[in-house]
Amino acid sequence: MGTLLQILFQGLGIGSVLLLGALGLMIIYGVMGIINLAHGDFIMVGAYASVVVSSAGLSVLSVPAAVVAAAGIGLLADVVVVKYFYNNPVASMLGTFGIGMVLQTVVLLVFGPELQRSELPISSSVSIGFGQSFSVWRLILILVALATAALLAYFIARTRYGLTIRLVTADRGVASSLGIRSTTTNRWTFALGCGLAGFSGALAAPLSNVSPTMGVNYLANAFLVVVLAKLGDVRSTTAWSLGLGLALATVSTAAGDVMATIVVWMLALIIVATRRKSLIPARV
Amino acid sequence: MSTKTQEVEPQEAKSVVADAADEDPTTASAHRFGPTATPRARTAGLVAIALAVAPLVLGDYGAGILALYLPLVILALSVDILWGMNGVVSFGHAAFFTAGAYLAALIIGGPGDASAGTLNYLQEAPSGGSDRWARLFEALSGVAPLGVPVLALLLPTVAIGAVGLLLGWVLFRLPQPEVYVPLMTLGLGVIMTTSLVGIPFLGASNGLSNIPALLADSPIAGGMGSGTSRYVANLVALLAVYAAYWFFRKSMAGKRWLASGDEPLRLDSLGYRTQLIRAGGFAASVALAALAGTMSVTTTGFVAPGQAAVGQSAMILIWVAVGRPGGFFGPLIGTLLIQVGSFLLSGILHNSWQLVLGLVLISVVVFGTRSSAWRARLRRLLPADRLVRLVPWETGRR
Amino acid sequence: MRKTRTLISLGLVAGLLATTAACASGGEDPGSRDTIKLGLLYSLTGDLSTVETPMHDAALLAVDEINAAGGINGKTIEPVVEDYASDNAKAVEKATKLVDEDKVVATLGMYTSASRLAVLPKFQETDSLLLYAVVTEGLECSPNVIYTGITPAQTLEQTIPWALQTLGKKVYMVGSDYIYPHTVNAIAKKLIEQNGGEVVSDDYFPLGHSEFGTAVDKIRNSDADWVFSSLVAGSIPAFYKQFHAAGLDFDQMPLVSSITSEAEIQGMGAENAVGSYTASSYFQSIDTDANQKFVEAIQAKYGADQFTDREMAAAYSSVYLFKEAVEAAGDDLSADNLKKVFPGITYEGPQGALTVEPNNNTTMSSLLGKVGSDGQFEIVKDFGEVAADPFPASVVPNPPTCPTPVE
């Protein structure tokens, strides 16, 4: 029983990191038709921003700084380059890959290749029953991730801007004929997506490593979630992220982490391959 | 003069650097991609001769370095067949390349844990299983007319091509393969890199190394330097592949292949089995990638799990993008420009060369999406008559 | 026009290559030049730059020092730096360039065993020398490589018995999933069993893995007395941090590693590493004049926060060993002669005394350190100088005679 409880919490923990990563990617693809291969690198930017701010003594501002930094760089990237990639999955893949290379190298040149130090704001753990205990920070992470997903869903469903996003996703032509300037929508949505990436970087950094190449792991997993979930649907993304996290935790407890990666990916690919209905709207 | 039915001002001639109007090399949507005209035999022949003569100009060292890149050209070509001609981007070709490399390395060099590799020393006795495999592989590499282990060339290509056929059949059943194929092949890369690391038979994380060149035991190599002999072997393979590609592009099969990516539904309605055609093309592409792996492992002498990573697949896409997807010489130009460029650049800018590469990539992609608009601006700047030379697409040269 | 563009592009490529070829120095005898070329082949970009760039920096420091002191026999060392970007295929390209075009006297470089094995055929084929300054799993003694990194046997043969006595008999082993940790753990396992201990579990994680929640739980729920960790690079901070986050600490559940160094401690913060042990050949806190000088020099050049770790010390020392060998070789700097000259070469530096043996490995100190609250290691045990045996009899039933080329 204790093991099951641990698997549950670990799974939720892994899932929440996946969720935060996937949300940003999903928004960007859903609204703009852009496959952002630099997503992991925006996560990295957020992690670095939070480290820099924390080491300057302003730990409270570390997470907001991460969001602002990542969103800001995303905005800049959009103004300069990304705007050419809208609704162009292939160009966006390659172009954002290039952006990722640039981000990584710049960070490498400015900060050096060594791992950066990022401290756990709360390092204690709490008992979850049956003799098991769990890290408080991870619990916070799970709650924050779920709250973020909920907020985002509310934002998309109930606010005016969210309506704009949904409209542009559904039919760009109609949206523009209604006077919605899709360029502006896209720009701010890209910033939002990158800001979410930065947010997840700041939260995940204390638990793992901060280096210029840290984003790669997050990218592949975030992609998997986006492919599995229904595009544009926060609920579905949440469900699949947590499900994936639980699957990884279960297999990893039983057979080790290497098997977990292999098994879970193969399952995911089989699921995708056996779907009859196309869940990704025709964007190509 | 024949023109496409476009509203084009009489003064606005198409630049011959451009393709059909609005040709967008990086978009995968229908009507937008497509190869350039296949060059005449004369042009192709000239390029082939230039490549053949290169070692005399470059010397053994230069030939050896260039030899490292030739298999990568074949790899880029394998991706371009899918991307430039069929609109499907693969993020997993590095995995097929590595699979081919491993198979070839096994045949020529034997299993990882049966050779004098590290893990073997810790075992009380060599594992019987890998001993049998070692004997099988030795027998296979023994089939060597003129000292060239041909089975190491053929088996990986055929075997992995067959796997590619199966994969292609599954992948092209899905709606919108242009979206699913990149994502599924991405997963393939992840799975492969993770699992390879744990297999001692394949050398685990060290991979298989010390693989000799194809012509190492062959009289063909004669008195050639080691760099030159590798170059010759790889060049022969490259020219053979390119010759086949040239005929393919000019043939009806080539047109069907184009059509299956361009207008799959229409092709179906004409009675062709589009899914089979696409699966077959995918298989050919995968087989070529495996062949590239084979050539590569005999040139670099090693194969390791890291080569199957998604990042490597992304590099291939960069080569193709820079060389122009669909262009006949595209894979050749793109691969050589990037690889030689990186080699020289990293010697100068030790740790910031990837910055330059990233910027180059971004520029190429942006230019690709904007090229028609910028070309139009360019046309207005330059005298129209200098650019008047119509590309004979419409005269059926495809 | 398109044809012209094609031909221009091809011409461009050919031109680039011709330039490369033209820069080749031609077939000179390495000893006849005014400088002594030393190739430096490390990852300055990519995943491994985290660990390899410091080695590159330390080596350059040694080169500067030697040149400032007059060089070797009056000739300056000319470092030829190449980046292989954590990509083994590029490593082969660069190694080819260093050996065939730059005609370096020797090359210092490589990090992972995979990268070493990738370039090894080139060095064996052209009979040039590679200086490999990283901890190695041993099980190899190529005549073309001088191994100046410590082998598992050297660190573990004394450490394991000590740990079994002091920390307990039941051990939980973890490691990153590739050959080095597997080998270290295999050797450790044999040593543990031979000394009356028991291995409770032996778990592996993919390289770069940073999710250790489940692993830490398993450790907590087992009846192990201490943890033996062969995790590397990025997994180390992640593991140590999550260990603490889950409520464990190194007093109740000690941890011994042969890998964790000052580099990772800086990355995770000293508070996450306090109380853990590392068995190694070098610590920044070694209290000798030579080491203090080294640490000061590194910090003067790279900042007061810069740490020095075993790999940096080894790279630094390797350059000095190279200097000694070149001096002993006199006028004949061919690889053949250097290979004859290297065995017996000694150097006393930040790591203490180093001696290259006929099996091409290096005898050096074996130390055990415990992390203090300042992030530095307090030396708990000094097992003295231990000879390097890449094929320790305790674990290898049929050792070959060294040196022997790698097949």
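By convention in this document, chain letters (A, B, ...) are assigned in the order of the sequence lines, proteins followed by strands, and residues within each chain are numbered from 1.
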Tell me if the centroids of the rings in B:Phe328 and B:Tyr242 come within less than 6.0 Å of each other.
yes
Using non-hydrogen atoms and a 4.5 Å limit, figure out which bit of B:Ala54 sits close to chain C: side chain, backbone, both or neither.
neither
For chain B, which candidate among C:Lys94, C:Glu125, C:Glu82 shows the most heavy-atom pairs at distances under 4.5 Å?
C:Lys94
Side chain, backbone, both or neither: which part of B:Ser226 has an atom under 4.5 Å from a heavy atom of chain C?
side chain
Considering all heavy atoms of both residues, which atom of B:Pro55 and which atom of B:Ala63 are nearest to each other, and what is their separation?
CB-CB, 4.1 Å
Measure from the ring center of C:Tyr42 to the ring center of C:Tyr84 and say whether it is less than 6.0 Å.
no
Does either side chain, that of C:Asn144 or that of C:Asp127, offer a donor lying less than 3.5 Å from an acceptor on the other one?
yes
